[in-house]
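Since the structure comes first, as structure tokens, the remarks are kept for the end.
Here is how names work: the chains are called A, B, and so on, in the same order as the sequence lines, proteins then strands, and each is numbered from 1. All values below come from the heavy atoms of this structure, side chains included, with hydrogens, waters and symmetry mates left out.
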Amino acid sequence: MRKQNAGLTKSFFARSAEEVAPDLIGCEFFIDGVGGKIVETEAYTRFDPASHSFRGPTRRNQSMFGEPGTAYVYRIYGLHWCMNFVCADASAVLLRALLPVNGIELMKARRGGVSEIQLCSGPAKLSEALGISGNLDGASLFAPPFTLRARSEQPVEILEGERIGISRATELPWRFWLADCPYTSHPKLRSKPRK
DNA sequence: AACTGGATCGTCT
DNA sequence: GACGATCCAGTTG
């Protein structure tokens, strides 16, 4: 009986994002078979001033108030897309970096031929590589085009530190990443949590 | 290696 | 009317 490579279930996401976010490190995520291993995430919760759900439901953030296991996709800075997995109580996990596994040539084509290291090393980069845009907002993660696979083995070491690119609640240690992984988004913050 | 500004627009003040 | 859960190219040290 092979338990490894099983798909993630709804109960996996039916917890608060700060619990789910570290558990997603080492899982695999694909869209139409294109994607890779999750190596960096961030958690955002309902009572977190940095979270889109902090001020209650709006048209943009309504997916964040949906069922655990829903995709929340939003546009950032007018030109990029960011992908989130909705968890319990209007919390969500932002996908920040993947280690490319499948569909590498297609991802390179979408990303303008950058090196493999830089293919998915950032939230907007991985969205471009996987072809993510606003039309996936609100979709269930348990149906096509998505594929989610649980870890096949425990990650060597998961580190945590402050989140990146926000101006509020910056002290919360809700960014999680695979230690010393070259495919994460911030070279300087790869090995040690920021002080 | 570190910092700067530009691109670009929906959302909320 | 201001401002992002960003990225990239360019400049400076």
Side-chain angles (χ1 to χ4, degrees), chain A residues 13 16-22 24-25 29 38-66 68 70-100 107-138 141 159-178 180 182-195:
Chain A
F13 293 100
S16 191
E18 74 266 29
E19 291 181 53
V20 177
L24 279 168
I25 303 297
F29 178 59
I38 299 170
V39 295
E40 183 179 349
T41 59
E42 278 180 1
Y44 290 86
T45 74
R46 177 69 173 82
F47 300 101
D48 162 13
S51 170
H52 289 173
S53 61
F54 181 63
R55 295 177 187 279
T58 64
R59 180 145 86 256
R60 174 177 65 156
N61 68 17
Q62 61 177 342
S63 299
M64 245 185 119
F65 291 82
T70 299
Y72 169 45
V73 182
Y74 67 90
R75 207 198 250 293
I76 183 70
Y77 297 116
L79 53 161
H80 303 303
W81 297 100
C82 290
M83 177 73 188
N84 298 256
F85 296 164
V86 174
C87 301
D89 304 318
S91 65
V93 174
L94 170 68
L95 238 51
R96 288 197 57 93
L98 304 180
L99 185 160
M107 290 195 283
K108 280 185 178 172
R110 287 169 170 165
R111 292 271 299 123
V114 301
S115 74
E116 200 164 317
I117 287 281
Q118 304 177 90
L119 263 189
C120 302
S121 60
K125 295 178 184 177
L126 73 88
S127 291
E128 183 173 41
L130 272 62
I132 291 169
S133 69
N135 57 11
L136 293 175
D137 182 44
L141 296 170
L159 300 179
E160 63 176 54
E162 295 172 2
R163 295 175 293 182
I164 294 174
I166 57 172
S167 57
R168 291 174 293 190
T170 55
E171 74 286 356
L172 294 173
W174 284 353
R175 185 172 77 99
F176 304 90
W177 67 98
L178 186 60
D180 297 313
Y183 295 91
T184 52
S185 69
H186 208 301
K188 293 285 291 193
L189 303 179
R190 222 167 247 161
S191 301
K192 305 175 184 173
R194 248 182 86 200
K195 294 210 166 164

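- Annotation: side chain of A:Y74 is in contact with side chain of A:N84 (closest heavy-atom distance under 4.5 Å).
- Note that OG of A:S127 is 9.0 Å distant from CG of A:L98, once rounded to the nearest 0.5 Å.
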Report task. Could you walk me through whether A:E162 and A:R175 pass the salt bridge (charged side-chain N to carboxylate O under 4.0 Å, His left out) test, one step at a time? Result -> CA-CA 6 Å; A:E162 295 172 2; A:R175 185 172 77 99; over 6 Å; no

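- At the heavy-atom level, A:R168 lies nowhere under 4.0 Å from the strands shown.
- For residues 42-54 of chain A, the set of pairs meeting the salt bridge (charged side-chain N to carboxylate O under 4.0 Å, His left out) definition, not counting sequence neighbours, comprises A:E42-A:R96, A:D48-A:R163.
- Looking at A:T170, its side chain never comes within 3.5 Å of a backbone N or O of A:S167 through a donor-acceptor pair.
- Nucleic acid contact for A:A50: base, since at least one base atom lies under 4.0 Å from a heavy atom of the residue.
- Between A:Y72 and A:F85, a ring centre-to-centre spacing not shorter than 6.0 Å is recorded.
- No side-chain N or O of A:S53 forms a donor-acceptor pair with one of A:N61 less than 3.5 Å apart.
- Of all heavy-atom pairs between A:A129 and A:L119, the closest is CB-O, 3.8 Å.
- Inter-residue side-chain proximity for A:T41 and A:V20 is flagged as unmet; no heavy-atom pair is nearer than 4.5 Å.
- Scanning residues 51-62 of chain A for heavy-atom distances under 4.0 Å to DNA chain B yields A:R55, A:T58, A:R60.
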Report summary line: Note, DNA chain B 5' to 3' with Watson-Crick or G-U pairs under 3.5 Å encoded as ( ), [ ], | and . gives |||||||.||||.

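- Residues that satisfy the side-chain hydrogen bond (donor to acceptor under 3.5 Å, both in side chains) test with A:S16, not counting sequence neighbours, are A:E18.
- On the nucleic acid side, DNA chain C has its first and last nucleotide under 4.0 Å of a heavy atom of chain A at C:dG4 to C:dC8, going 5' to 3'.
- Using a 4.5 Å heavy-atom cutoff, the side chains of A:V93 and A:Y44 are not in contact.
- Side-chain atoms of A:S133 and A:N135 form a donor-acceptor pair, as typed in the model, at a separation below 3.5 Å.
- Between atom CD1 of residue A:I38 and atom CG of residue A:L99 there is a gap of 11.5 Å, rounded to the nearest 0.5 Å.
- Within a heavy-atom distance below 4.0 Å of DNA chain C, the residues of residues 70-79 of chain A found are A:Y74, A:I76, A:Y77, A:G78.
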